[in-house]
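Hydrogens, waters and symmetry mates are skipped; everything else that's a heavy atom, side chains included, is used. For ligands, and for the atoms within them, numbers begin at 1 and follow the listed sequence.
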Amino acid sequence: MKREKTIQVFLGSVAIGGHSSISVESMGRIYPGRVDECLSEICAAAAAGSDCFRIAVPDERALSGIIQLKKYSPLPLIADIHFSPTIALKAVEAGIDGIRVNPGTWKNQLQYHQLIEKLKAGSGVLRLGANAGSLPSHLQKKGRVEALLDSIIEMLEVPQKKDFHRIILSAKSTDINETIEVYERLAATFSYPLHVGLTEAGEGFEGIIKSTIALGTILQKGIGNNIRVSLTSPNPILESQVAVEILRGVGLRQKGIEVISCPTCARTRGDVVSFVREIKAAVQKISSPSPLKLAIMGCEVNGPGEAKEADLGLAFGKSTALLFVRGKVIKTVHQQNALNELIKQLRSMVSNQMVKE
Ligand code: SF4
């Protein structure tokens, strides 16, 4: 897939744009003043596939929290600040990796100049993140796509005049078609990396489906350098997992283990549903530096054919299962031992990869 060219910026140690792989951002639910809980949340997001983490910083106590978190966080941090330029300036002075500024909630032009100067003097990244729900008042009579784009263009004037280009852009709507259009136009107009998301996608499968359509379509067009899935959920784990699966689905996640499985039918020879749940839980704990495909199939009719295409496959038979490694049956195992055998093979494949690297 041909990707739109952008410049590259570094959010802490994570490269965004240029030739770097597409990274995943997730966002904290916990107030950053509760430092220990917040750190656990960041670690959980990292384990679920996030590469960077955004935290709302609504007041001075939250600012102290995020500054402490910066010392221990395994992921680069982006401070999400609205209505309070003073807190934004202090966050940049404290060396935060990135700062998200919303054109609709930033009112002070003088402090915006100061912010850009401070960013330029340090290493932090500016994410200009417009949102259709908080457009600047003078643009609200325009159509939402135009208003989103204009709000970005207006906010780019100061950094461009000051020759500051460590910038990531985003412009999100709740509407899938608007989101696709706005990102196409951002990609056609600017060479800054794009953070892509559908805002307020919702809860559960509705949110996942809407996000998958919007982000999948945009990514398939070669657009986007960093993504976030915005789901109504109590923690950032699900949104991280969904983002990773979207990237994997469009062939843009070059690491980790993909589990494919048959839908089951009247021919199914074992409890495939429970088996797949168990293997997926086990896979979450195994980190593979290269992509690996694992196939779980319910019978000996289509199963062997499908399982053969994967790096590692299992096809259920009558009380037994065939284990395939890259197209070859390596053994027949009893179904009750199949999970352990599969995990053993998987771990061995992953450690062989690591040795080769
Ligand atoms: S692989 Fe076998 S059990 Fe699974 S859906 Fe296909 S025919 Fe049915």
Counting from 1 in the order shown, the ligand 1 atoms closer than 4.0 Å to a non-hydrogen atom of Arg267 are 7 (S)
With a sphere of 6.0 Å drawn around [atom1] of [X], does it hold more than 12 non-hydrogen atoms of other residues, nucleotides or ligands?
{"X": "Arg267", "atom1": "CZ", "answer": "no"}
{"X": "Lys162", "atom1": "NZ", "answer": "yes"}
{"X": "Asp36", "atom1": "CG", "answer": "no"}

Note: heavy atom closest to atom 1 (S) of ligand 1, options Ser261, Ala315, Cys262, Ala266, belongs to Cys262
Which residue and non-hydrogen atom of the protein lie closest to [atom], and at what distance in Å?
{"atom": "atom 2 (Fe) of ligand 1", "result": "Cys299 SG, 2.3 Å"}
{"atom": "atom 3 (S) of ligand 1", "result": "Thr268 OG1, 3.4 Å"}
{"atom": "atom 6 (Fe) of ligand 1", "result": "Asn302 ND2, 3.5 Å"}

Any side-chain heavy-atom pair of Cys262 and Ile296 under 4.5 Å: no
* Asked: Quick check: does Cys265 have an N/O/S atom under 2.8 Å of atom 2 (Fe) of ligand 1?
  -> no
For Arg29 and Pro234, the nearest pair of non-hydrogen atoms, with its separation, is CG-O, 3.5 Å
